[in-house]
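Below, read A as the first sequence line, B as the second, and so on, with proteins coming before strands; counting in each chain starts at 1.
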Protein chains: 2
Amino acid sequence: MNLETALQKLKEKGYKRTRQRERILEIFVKQDQYIAAKSILKEIQEDFPGVSYDTIYRNLYLLTDEEILEATELGGEKHFRLGCDTQGHHHHFICTDCGKTKSIEFCPMESINENLKGYDIENHKFEIYGKCPVCS
Amino acid sequence: MNLETALQKLKEKGYKRTRQRERILEIFVKQDQYIAAKSILKEIQEDFPGVSYDTIYRNLYLLTDEEILEATELGGEKHFRLGCDTQGHHHHFICTDCGKTKSIEFCPMESINENLKGYDIENHKFEIYGKCPVCS
DNA sequence: ATTTTATTCGTAATCATTATTATTTCGAGA
DNA sequence: TCTCGAAATAATAATGATTACGAATAAAAT
């Protein structure tokens, strides 16, 4: 996803276009990996010395709700990344060193043959962790 | 796993048998579900008004290291459950209401056919979330 | 330009988790 | 049973991530 597409999405929903939001999105567009909130804060502070965590988290959650970002929990911290171009549902390999990811098209829910009668399935998580070719 | 088996495992490794440890294990033996650290603390405080979080966490991590407990992250909090009787590697359905779980024998890593050449796989997570038959 | 309203700033509070130090308890051996 | 050293605990305090809130600001609608 590029910057303009994301901003367009927000505009359609009636959200304002602020410098901070643009800057946050720019960071994600530039980096194809999961990023922690505090890293975002640090980078934004170069342009906006006064940004608060409130702004960061509010926007990260907003962008996640609008499906512009995807979130996951890594090492006790929430991490975010730009939604993938890959169409449709998929999963990720996540490098535990650099945070870069590789899409996994395979979804275990398609292959699972377990008896889950009576269980109301709402969601699932499948992630593979390790070192990417660069880090290993 | 029952209480005696767990205590035996600890003894073999040279860990002391303390009332607090016993009590923590009892709680897990009684409840077949993921439990948050703070719930454990609350329950233990009925018997030991002075227990500290330090004791709780130290023991939860110790028990996890000794493979008596299993850990996962739910809603930003670490949760623990007694290791399953189910032998070997497996996954879980987790009820988002009551926290009870059902073992899933199927492991996606056996079926995955994605090209991950060059990637050093260390770990993976597969969990299904939803409502169990009782809660749905 | 003015008004409306979302958004941000600045800061403080909260919550889970980890760390510290003095004290207590376990349990092995005398 | 008693003593002793190691291990474990209690009682905080500290940290780090996240959330909350009132006042100030900035975007966009009129």
Side-chain angles (χ1 to χ4, degrees), chain A residues 3-4 6-27 34-66 68-69 71-80 99, chain B residues 3-4 6-27 34-66 68-69 71-80 99:
Chain A
L3 193 59
E4 284 313 316
L7 288 169
Q8 185 57 32
K9 267 199 179 186
L10 290 180
K11 191 171 187 179
E12 281 164 14
K13 291 292 188 81
Y15 295 110
K16 292 181 177 171
R17 172 168 181 158
T18 66
R19 297 156 178 281
Q20 291 88 338
R21 244 166 224 169
E22 264 183 57
R23 197 68 192 74
I24 288 173
L25 279 168
E26 275 172 23
I27 291 171
Y34 278 105
I35 311 174
K38 88 179 149 213
S39 305
I40 300 292
L41 180 76
K42 208 175 287 179
E43 188 153 350
I44 298 234
Q45 278 179 331
E46 291 169 16
D47 295 340
F48 305 91
V51 272
S52 71
Y53 264 117
D54 181 75
T55 299
I56 302 299
Y57 279 107
R58 194 167 15 76
N59 281 305
L60 290 178
Y61 288 139
L62 167 69
L63 293 168
T64 304
D65 285 347
E66 295 305 322
I68 291 167
L69 298 182
T72 194
E73 188 113 12
L74 296 173
E77 286 177 62
K78 293 191 181 80
H79 285 63
F80 301 83
Chain B
L3 192 59
E4 285 313 316
L7 288 169
Q8 185 58 31
K9 266 198 181 187
L10 289 181
K11 191 171 186 180
E12 281 164 12
K13 291 293 187 81
Y15 295 111
K16 291 183 178 170
R17 173 169 179 156
T18 67
R19 298 154 176 283
Q20 293 87 339
R21 247 168 221 170
E22 263 183 57
R23 195 71 191 73
I24 288 173
L25 280 168
E26 276 173 22
I27 292 171
Y34 278 105
I35 311 175
K38 87 178 149 217
S39 305
I40 300 291
L41 180 75
K42 209 175 287 179
E43 188 153 350
I44 299 233
Q45 278 180 331
E46 292 169 15
D47 295 339
F48 305 90
V51 273
S52 70
Y53 263 117
D54 180 75
T55 299
I56 303 299
Y57 279 106
R58 193 167 16 77
N59 281 305
L60 291 178
Y61 288 138
L62 168 67
L63 293 168
T64 304
D65 285 347
E66 294 305 322
I68 292 168
L69 298 183
T72 193
E73 188 114 12
L74 295 173
E77 285 177 62
K78 293 191 182 80
H79 285 63
F80 301 83

Protein-nucleotide distance (B:His79, atom NE2; C:dT17, atom C1'), rounded to Å: 14 Å

Interatomic distance, A:Ile56 CD1 vs D:dG16 C1' [rounded to whole Å]: 16 Å

Which whole-number value in Å describes the distance from A:Glu22 CD to C:dT7 C1'? 14 Å

Side chain to side chain, B:Arg17 and B:Lys11, heavy atoms closer than 4.5 Å: no

Just the rounded figure in Å: distance from C1' of C:dT8 to OH of A:Tyr53. 17 Å

Side-chain contact check for B:Gln20: nearest option of C:dT7, D:dA28, D:dT9 is D:dT9

Please determine if a side-chain N or O atom of B:Thr18 lies less than 4.0 Å away from the OP1 or OP2 oxygen of D:dA8. no

Just the rounded figure in Å: distance from P of D:dA8 to CG of B:Leu7. 13 Å

Under a 4.5 Å cut-off applied to non-hydrogen side-chain atoms, are A:Leu62 and A:Arg21 in contact? yes

Please figure out whether B:Tyr61 or A:Leu62 has its closest DNA chain C nucleotide nearer the 5' end. A:Leu62

So, is B:Lys38 near the phosphate of C:dA16, with a side-chain N or O under 4.0 Å from OP1 or OP2? yes

Among C:dT18, D:dT9, D:dA28, which nucleotide sits nearest the side chain of B:Asn59? D:dT9

For the pair made of CG in A:Asp47 and P in C:dT8, what is the distance, rounded to whole Å? 14 Å

Selected nucleotide, minimal atom distance to B:Arg19 side chain, candidates C:dT18, C:dC9, C:dC26: C:dC26

C:dC9, C:dT25, C:dA6: which one has an atom nearest the side-chain heavy atoms of A:Lys16? C:dA6

Between B:Glu26 and B:Leu3, is any pair of side-chain heavy atoms under 4.5 Å apart? yes

Atom CG of A:Leu63 to atom C1' of C:dT7: distance rounded to whole Å? 13 Å

Assign each of B:Ser52 and A:Asp54 to its nearest nucleotide of DNA chain D by heavy atoms, then name whichever residue's nucleotide is nearer the 5' end. B:Ser52

Report the distance from atom CZ of B:Phe48 to atom P of D:dA10, rounded to the nearest whole Å. 8 Å

Under the criterion side chain to side chain contact (heavy atoms under 4.5 Å, CB included), which of A:Lys9, A:Lys13, A:Glu12 is the partner of A:Glu66? A:Lys13

To the nearest 0.5 Å, atom CD1 of B:Ile40 lies from atom NE2 of B:His79 at 10.0 Å

Side-chain N or O of B:Arg58 less than 4.0 angstrom from OP1 or OP2 on D:dT9? yes

